[in-house]
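Excluded from the calculations below are hydrogen atoms, water molecules and symmetry mates; all remaining heavy atoms, backbone and side chain alike, are included.
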Amino acid sequence: MRLLLLSIALLFNGGPDIKPAASTAVPSVKVAVREASDVPGGEFTLGEISEITGTDKALAAQIATVRVGSSPLAGLTRSLEQFDILVKLRANRIDTRSIDLKCPVKVRITRAGAEVPAQEIAQAAIGKLTEERKNIGDGATLEALPLIGRWFVTPGKRDYKAVVSRGSVESGPVIINVTALVEGNPVKSVDVTIKIKRMITALRMKRPVSPHTVLTADDVTVGTAELIPGSPLPVADLQAVIGKRTTRQLAMGDLLSESSVELAPVVQAGQQVTMELIVGGIHLNTAAVTRQAGALGQAIRVYATDTHKEFTAIVVDGKTVRVEDN
């Protein structure tokens, strides 16, 4: 009876605690994973990132072909740990007890790649826009805005294909999409912004001046300026500003536009003048008082003192205005 009860107790408690004997097998293959490896393809194997030696040549060859993972993009890096390698070995039905695996805490994997110079991308874009504008002939210069970032592609013969993405090829700016091709295969696309710069003759101030300064030849210089669409057109003719006065304060180097200068008034508001009244073939002269200042050729309001009426008259000189009634 006691023997029966002892048997039942052992059955419910899982039997005696028997531990398997420890394995005394010596690993037949040694795998020393390098801390950093540069791999060539889209995937990499254990053989490409480690040194494999041992007596079991067949097992060593099998281990070398184990695919560990996907390679990073050209010029980039990915990291591995020992656990990642063990998982791949077991997935390939390889007994890890037969391997002496030596692995750094972190394994760095990079992919062989060549950096694409930003200057090559910019030149490809400028070349395309130059071709698109060959019939315009405005003497403009093309300037690519600085590119931000770095680009890596797989090694090989490199070419570029550029197309106009958006923008006006006449006035700019223009976006050119440049695709880098390696051995004829597209691998990277970059957008390049190009400014179209047209230089024109322009007058600039040689010195700072205050408002209402009458300009002389010593005040301005002839140079060039970039023509910016939508901005006031600079004055190019020196004679067009000499003798005129400034409408606002100007600093040294400022461009002169039509709004920067005006004719200097030869009559002032409230000044006594002679008003020539021409009606048909009749010429009459009468006294008048100007209501506003005016330059030669400008139309101003005047008040005739004898008739007590106001007229619009043209300034003839510093003492005379003219009213013509046809």
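L89 places a side-chain heavy atom less than 4.5 Å from the side chain of I63. Counting only heavy atoms from C-beta outward, the side chains of L73 and L76 approach each other to under 4.5 Å. A heavy-atom distance below 4.5 Å is found between the side chains of R322 and E324. Residues L256 and R204 have side chains not in contact (no heavy-atom distance under 4.5 Å, counting atoms from C-beta outward). When side chains are defined from C-beta on, Q249 does not count as touching H212, because their heavy atoms never get closer than 4.5 Å. With a 4.5 Å cut-off on side-chain heavy atoms, I300 and T290 count as touching. The closest side-chain heavy-atom distance from K128 to V178 is not below 4.5 Å. Annotation: side chain of V66 is in contact with side chain of I94 (closest heavy-atom distance under 4.5 Å).
In this structure, I282 places its CD1 atom where only 12 or fewer heavy-atom neighbours from other residues, nucleotides or ligands lie under 6.0 Å away. Enclosure of atom CD in E143 by more than 12 non-hydrogen atoms of other residues, nucleotides or ligands within 6.0 angstrom is indicated. Shown here is K206, whose NZ atom has more than 12 heavy atoms of other residues, nucleotides or ligands within 6.0 Å.
Clustering ILVMFWY residues whenever any of their side-chain heavy atoms sit less than 4.5 angstrom apart, transitively, puts V222 in the very cluster that holds V209. The cluster map of Ile, Leu, Val, Met, Phe, Trp and Tyr, joined by side-chain heavy atoms under 4.5 Å apart, puts I52 and L59 in the same cluster. The cluster map of Ile, Leu, Val, Met, Phe, Trp and Tyr, joined by side-chain heavy atoms under 4.5 Å apart, puts V39 and V182 in different clusters. Cluster membership check: V316 does not share its hydrophobic cluster with M275, using side-chain heavy-atom separations under 4.5 Å among Ile, Leu, Val, Met, Phe, Trp and Tyr. In the hydrophobic clustering of ILVMFWY residues, with side-chain heavy atoms under 4.5 Å counting as a link, L129 and Y160 come out together.
For the atom pair CD (Q271) and NZ (K319), the distance works out to 9.5 Å, reported to the nearest 0.5 Å. Taken from OG1 in T246 to CE in M205, the straight-line distance is 7.5 Å, to the nearest 0.5 Å. Here the CG atom belonging to L46 is positioned 11.0 Å from the CD atom belonging to E51, to the nearest 0.5 angstrom. Taking OG from S210 and CG from L250, the interatomic distance works out to 9.5 Å, rounded to the nearest 0.5 Å. Between T221 atom OG1 and D219 atom CG the span is 11.5 Å, to the nearest 0.5 Å. The structure places CD1 of I314 at 13.5 Å from OG1 of T320, a figure rounded to the nearest 0.5 Å.
With Q298 contributing its side chain and A295 its backbone, the two residues share a donor-acceptor pair below 3.5 Å. Side-chain atoms of E48 come within 3.5 Å of backbone N or O of T45 as a donor-acceptor pair. Side chain of K30 to main chain of P27: no donor-acceptor pair is present (N/O by atom type, distance under 3.5 Å, no hydrogens or angles).
Contact detail for L215 and V241: the closest heavy-atom pair is CB-O, 3.9 Å. Listed here is the closest heavy atom pair of V33 and S50: CA-CB, 3.5 Å. The minimum heavy-atom distance linking G42 with R111 is given by the pair N-NH2, 3.7 Å. Contact record, V105 with E81: O-CG, 3.8 Å, taken as the closest heavy-atom pair. Contact detail for V321 and V315: the closest heavy-atom pair is CG1-CA, 4.2 Å. Nearest heavy-atom pair across V107 and R34 is CG1-O, 3.4 Å.
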Test side chain to side chain contact (heavy atoms under 4.5 Å, CB included) applied to V273 and V289, step by step: CA-CA 6 Å; V273 293; V289 177; over 6 Å; no
Steps toward side chain to side chain contact (heavy atoms under 4.5 Å, CB included) verdict (K244, E262): CA-CA 5 Å; K244 292 184 178 179; E262 63 183 4; over 6 Å; no
Any chance you could lay out the side chain to side chain contact (heavy atoms under 4.5 Å, CB included) test for F44 and I49, step after step, and finish with the verdict? CA-CA 8 Å; F44 61 94; I49 66 171; 3.8 Å; yes
Quick one, T274 with N285, criterion side-chain hydrogen bond (donor to acceptor under 3.5 Å, both in side chains). Give me CA distance, side-chain angles, the key distance, then yes/no. CA-CA 7 Å; T274 298; N285 289 342; over 6 Å; no
Hey, mind stepping through L145 and I194 against side chain to side chain contact (heavy atoms under 4.5 Å, CB included) and telling me if it holds? CA-CA 6 Å; L145 298 187; I194 299 181; over 6 Å; no
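A donor and an acceptor atom, one from each side chain of D306 and T286, are located under 3.5 Å apart. Neither side chain, D95 nor S98, offers a donor N or O lying under 3.5 Å from an acceptor on the other. With hydrogens and angles left out, the side-chain atoms of Y303 and R301 include no donor and acceptor closer than 3.5 Å.
With salt bridges taken as basic N to acidic carboxylate O contacts below 4.0 Å, one links D159 and K157. Between R158 and E183 no salt bridge is recorded (no basic side-chain N to carboxylate O distance below 4.0 Å). With respect to E35 and R108, no salt bridge is recorded, no charged nitrogen being found less than 4.0 Å from a carboxylate O.
Considering V192, V164, T193 in turn, T193 is the only one that fulfils the side chain to side chain contact (heavy atoms under 4.5 Å, CB included) rule with I175.
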